[in-house]
Amino acid sequence: YTSLCIVNGNPAISYQDVTNFDLKYVRATDANGSAWGSPQTLDATGSVGLYTSLSVVNGNPAISYQDGTNNDLKYVRATDVSGTTWGSPQTIDATGIVGQFNSLFVVNGNPAISYFDNSNGDLKYVRATDASGAAWGSPQTIDAIGTGIGYYTSLKVVNGNPAISYCNASNFDLKYIRASDADGTAWGSPLNLESVGNVGYYTSLCIVNGNPAISYYDVTNQDLKYIRATDASGTTWGSIQTLDATGNVGQYTTLCIVNGNPAISYYDVTNGNQKYLRATDASGAAWGSALSLDATGSVGL
């Protein structure tokens, strides 16, 4: 459950220590990440640190994650810009089994989190009432049509309003939903972007050349896929592209802009490799060849 972010100019990572079931954080001591500081344990009460999502909130690093012992959604924020010291973890939602597949992002100045409500099988969203996340509003159910709604959520701000890509695990569909206001108090209707086969796993939402785009895994065909909207809000979407179909590929995708063009890191299950693929244009209409970055053992999850 790793999450990478730039914190005060240097890369930093949140993750789970599976041996001790703790939430951990580590930050590099230089801008390139060639040297790193000592890992810090931020929460060690029970089995914690699942589904971590790291972001900079009001100038300081912050992490959303799941408390696996209590099945709660939790949040913790540093008291300085580098993450040298941290505040006390907060429980954001403790109603039922919640907090899986969470995604933290700053929405209209305040931190917000999308996540899965396992007890009800719903997609949920919650936003803080202040810029640091000291206090939070009431969780909202965003999509409850069916069960298993809200796997693999990815939260971003799209054309000024929060939006979420996710998987409907009951019908195995790739879905997208966008709020109708800047805070996310009201939401539009969910869109089914792909419904053929078992699709929509490991979604990653990003703004690509002005429009939202999503990388994801097609379970049925075991392929890496990509789709981009044809407008800035994600009202209509272009054709689905299969980017890598060599073996079983495309799990654990992360979509980002690299030197102006979209790029994706992902896992090659067949060969146990960490792979990387970058488009040859700004919108992702055409893509280069996939690269294996690490092939020593089973790596890239």
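- Side-chain atoms of Asn32 do not come within 3.5 Å of backbone N or O of Ser34 as any donor-acceptor pair.
- Remark: Leu205 CG to Lys156 NZ distance equals 6.0 Å, nearest 0.5 Å.
- Under a 3.5 Å cut-off, the side chain of Arg77 and the backbone N or O of Gly133 do not form any donor-acceptor pair.
- Cluster annotation: Leu255 is connected to Val249 through the hydrophobic network of ILVMFWY side chains, with a link wherever side-chain heavy atoms come within less than 4.5 Å.
- Minimum interatomic distance between Gly184 and Gln140 (heavy atoms only, all atoms of both residues): O-OE1, 2.9 Å.
- Cys206 is listed as a side-chain neighbour of Ile257, based on a closest heavy-atom distance under 4.5 Å.
- Side chain of Gln100 to main chain of Gln66: no donor-acceptor pair is present (N/O by atom type, distance under 3.5 Å, no hydrogens or angles).
- In this structure, OG1 on Thr246 lies 10.5 Å from CG on Leu224, to the nearest 0.5 angstrom.
- Side-chain N or O atoms of Asp130 include one that pairs as donor or acceptor with a backbone N or O of Ala135 at under 3.5 Å.
- Residues Val106 and Leu104 share a single hydrophobic cluster, defined by chaining ILVMFWY side chains whose heavy atoms lie under 4.5 Å apart.
- The shortest non-hydrogen separation linking Ala62 to Val57 is CB-CG2, 3.6 Å.
- Rounding to the nearest 0.5 Å gives a distance of 13.5 Å between OH of Tyr1 and CG of Asp17.
- At least one side-chain heavy atom of Val157 sits under 4.5 Å from a side-chain heavy atom of Val107.
- Looking only at side-chain heavy atoms (C-beta outward), Tyr226 and Leu277 stay at 4.5 Å or farther from each other.
- Remark: side-chain polar atoms of Ser119 are paired, donor with acceptor, to backbone N or O of Ile97 under 3.5 angstrom.
- The CG atom of Asn102 sits 6.0 Å away from atom OG of Ser53, with the distance rounded to the nearest 0.5 Å.
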Audit row: Thr242, Asp223, side chain to side chain donor-acceptor pair (under 3.5 Å) steps and yes/no:
CA-CA 7 Å; Thr242 299; Asp223 295 340; 4.5 Å; no
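- Hydrophobic clustering of Ile, Leu, Val, Met, Phe, Trp and Tyr side chains at less than 4.5 Å, counting indirect connections, keeps Tyr51 apart from Leu54.
- With hydrogens and angles ignored, the 3.5 Å screen pairs a side-chain donor or acceptor of Thr153 with a backbone N or O of Phe101.
- Put simply, CZ on Arg178 and CG on Asn159 are 5.0 Å apart, with the number rounded to the nearest 0.5 Å.
- Across all non-hydrogen atoms, the minimal contact from Asp122 to Phe116 is O-CD1, 3.5 Å.
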Decide side chain to side chain contact (heavy atoms under 4.5 Å, CB included) for Arg228 and Asn209; before the verdict, give the C-alpha distance in whole Å, the side-chain angles of both, and the deciding distance to 0.1 Å.
CA-CA 10 Å; Arg228 179 176 173 269; Asn209 200 20; 3.7 Å; yes
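- Hydrophobic clustering (side-chain heavy atoms under 4.5 Å, transitive across Ile, Leu, Val, Met, Phe, Trp, Tyr) groups Ile92 together with Val98.
- Judged by distance alone, the side chain of Asn273 and the main-chain N or O of Lys275 form no donor-acceptor pair under 3.5 Å.
- Phe172 has its side chain out of reach of Thr220: every pair of non-hydrogen atoms, C-beta onward, lies at least 4.5 Å apart.
- Between Asp67 and Lys74 the shortest heavy-atom distance is CB-CD, 3.4 Å.
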Can you list the steps and then say if Leu174 with Lys225 is a side chain to side chain contact (heavy atoms under 4.5 Å, CB included)?
CA-CA 11 Å; Leu174 172 67; Lys225 287 189 168 181; over 6 Å; no
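- Looking at Leu243, Asn261, Asp244 one by one, the single match for side-chain contact (heavy atoms from CB on, under 4.5 Å) with Trp287 turns out to be Leu243.
- At distances below 3.5 Å, at least one donor-acceptor pair connects side-chain atoms of Ser170 with backbone N or O atoms of Thr147.
- Ring geometry, Tyr152 versus Tyr202: the interplanar angle falls from 30° to 60°, so the pair is classed tilted.
- Two residues are said to be in side-chain contact when any heavy atoms from C-beta on lie closer than 4.5 Å; Leu193 and Tyr216 fail this criterion.
- The aromatic rings of Tyr125 and Trp187 lie perpendicular to each other, with more than 60° between the two planes, well past the 30° mark.
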Does the pair Thr253 and Ser204 meet the rule for a side chain to side chain donor-acceptor pair (under 3.5 Å), with working shown?
CA-CA 6 Å; Thr253 79; Ser204 184; 4.9 Å; no
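- Contact check for Tyr115 versus Asp93: side-chain heavy atoms found under the 4.5 Å cut-off.
- Between Phe105 and Ser114, the closest side-chain pair of non-hydrogen atoms is not below 4.5 Å.
- By the 4.5 Å heavy-atom criterion applied to side chains, Phe21 and Thr69 are not counted as neighbours.
- Across all non-hydrogen atoms, the minimal contact from Val76 to Trp86 is O-CZ3, 3.6 Å.
- For the 3.5 Å distance criterion, the side chains of Asn58 and Ser132 qualify, holding a donor opposite an acceptor.
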Derivation of the side chain to side chain donor-acceptor pair (under 3.5 Å) call for Thr52 and Ser3:
CA-CA 6 Å; Thr52 79; Ser3 183; 5.0 Å; no
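- Inspection of the Tyr267 and Ser298 side chains reveals an N or O donor paired with an N or O acceptor under 3.5 Å.
- Minimum interatomic distance between Leu191 and Gly234 (heavy atoms only, all atoms of both residues): CD1-O, 3.2 Å.
- Rounding to the nearest 0.5 Å gives a distance of 12.5 Å between OG1 of Thr203 and CD1 of Ile227.
- In the hydrophobic clustering of ILVMFWY residues, with side-chain heavy atoms under 4.5 Å counting as a link, Tyr201 and Ile164 come out apart.
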